[in-house]
Number of protein chains: 2
Amino acid sequence: MTTARRVLLSCLLDGGSHRTAEDLAADAQAIVPDVHLSTIYRNLEELEHLGVVEHVHLGHGPAIYHLATEHHGHFVCEDCGKVFEAPDELFAGLGKLALDRAGLTIKPHHFAVLGTCDACAGRAADLRDA
Amino acid sequence: MTTARRVLLSCLLDGGSHRTAEDLAADAQAIVPDVHLSTIYRNLEELEHLGVVEHVHLGHGPAIYHLATEHHGHFVCEDCGKVFEAPDELFAGLGKLALDRAGLTIKPHHFAVLGTCDACAGRAADLRDA
DNA sequence: TTAAATGCAAAGAATTTGCATAACA
DNA sequence: TGTTATGCAAATTCTTTGCATTTAA
């Protein structure tokens, strides 16, 4: 258990739940200035391997990391980037279909489900009608 | 309508349906040797903007491109990479939930849904029992 | 003939790796 | 004291961009 690792864990616990490796490096560097980004990546990989941390892709751009205890998927608006947390139970129906049709036990956390939120759909309609 | 664009379209029509930009460049170069990868990317972007092509992320690694006429999502086994095409209707239930709970109209094509296929789950069980 | 598309090289973003040094057990 | 982790720089992978030149309407 090294300093870098301890600090990273505290940042994962303290900070919000949608943090990139770079965010986490910045948080860590606020405490221990010379923690290097590559060390953050290495420790995140290790923690992920141990099942403590998971990473998720919300769109193009960097992955976000969070504690594995937070079990939920993500809905993301393609237009404004707004993120909605989606409780696991919402994926139960899809999981059953995937198992029946493809024999696949889904883990629907790794990629977000994209779409368009009401606000952005409304704005698009406004533009069309104007 | 340039040569590069015509050739790219023919490759999209001819080739399989899970091709990376690099695959498509190779296909195109078999016909017109000096089509450049950046031209492929630029045309794919253009075609995507026009709604003719879409790209999908099946996991880490390069995006795959296909004609927008192929309307389906993807299930992918995390372990072996096997890809299952998932008809749109499988996402109807999830779409309703997303709309009710988050006001989000989902377009479930952009990211695959990951999981573990029967074969890989079986293999994992075998290893555990051995 | 002129605006748009191309080839090439180079830049960019996110992540990974090699290696000498430093820190933990 | 001997692994194991770290900092740093450099490499990798996928994708985008700048620019001089070519191509097509």
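What you see below is based on every heavy atom in this structure, not just the backbone, and it leaves out hydrogens, waters and symmetry mates. Order of the sequence lines sets the chain letters (A, B, ...), proteins ahead of strands, with each chain counted from 1. Just so it is clear, the model here is predicted, and its values are computed rather than measured.
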Between residues 24-39 of chain B and DNA chain C, which residues have a heavy-atom gap below 4.0 Å?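 B:Asp34, B:Val35, B:His36, B:Ser38, B:Thr39 - these, ordered by number, are the residues of the stretch whose heavy atoms sit under 4.0 Å from the strand.
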Does a side-chain N or O of A:Thr2 approach OP1 or OP2 of D:dT6 to a distance below 4.0 Å, or not?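 For D:dT6, OP1 or OP2 has a side-chain N or O of A:Thr2 closer than 4.0 Å.
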Indicate whether OP1 or OP2 belonging to D:dT16 is found under 4.0 Å from a side-chain N or O atom of B:Tyr41.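 Indeed not, no polar side-chain atom of B:Tyr41 lies that close.
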[X] [atom1] - [N] [atom2] separation (whole Å):
{"X": "B:Glu45", "N": "C:dA5", "atom1": "CD", "atom2": "C1'", "result": "13 Å"}
{"X": "A:His57", "N": "C:dT15", "atom1": "NE2", "atom2": "C1'", "result": "11 Å"}
{"X": "B:Asn43", "N": "C:dA4", "atom1": "CG", "atom2": "C1'", "result": "12 Å"}
{"X": "B:Arg5", "N": "C:dA4", "atom1": "CZ", "atom2": "C1'", "result": "9 Å"}
{"X": "A:Leu9", "N": "D:dA5", "atom1": "CG", "atom2": "C1'", "result": "14 Å"}
{"X": "A:Leu50", "N": "D:dA5", "atom1": "CG", "atom2": "P", "result": "10 Å"}
{"X": "A:Arg6", "N": "D:dT4", "atom1": "CZ", "atom2": "P", "result": "19 Å"}
{"X": "A:Glu46", "N": "C:dT15", "atom1": "CD", "atom2": "P", "result": "18 Å"}

Atom CG in B:Leu8, atom OH in B:Tyr41: separation rounded to 0.5 Å?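 Rounded to the nearest 0.5 Å, the CG-OH separation comes out at 12.5 Å.
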Enter the distance from A:Leu94:CG to A:Leu99:CG here, rounded to the nearest 0.5 Å. 11.0 Å
Please check if the number of heavy atoms outside A:His49 that lie under 6.0 Å from its NE2 is greater than 12.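 No, not enclosed.
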Angle class for the B:Phe75/B:Phe91 ring planes (parallel below 30°, perpendicular above 60°, tilted otherwise)? tilted
Give the ring-plane orientation class for A:Tyr65 versus A:His55, where under 30° counts as parallel, over 60° as perpendicular and anything between as tilted.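 Rings of A:Tyr65 and A:His55: tilted, as their planes differ by 30° to 60°.
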Do A:His57 and A:His74 have ring centres separated by under 6.0 Å? no
Quiz question: by atom type and distance under 3.5 Å, do the side chains of B:His109 and B:Asp88 form a donor-acceptor pair? yes
Taking for each residue the nucleotide of DNA chain D bearing the nearest heavy atom, is the 5' side occupied by B:Arg42 or by B:Thr3?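 The answer here is B:Arg42.
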Contact class for A:Ala63 (heavy atom, under 4.0 Å): base, sugar-phosphate, or nothing?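 The residue A:Ala63 makes sugar-phosphate contact but no base contact.
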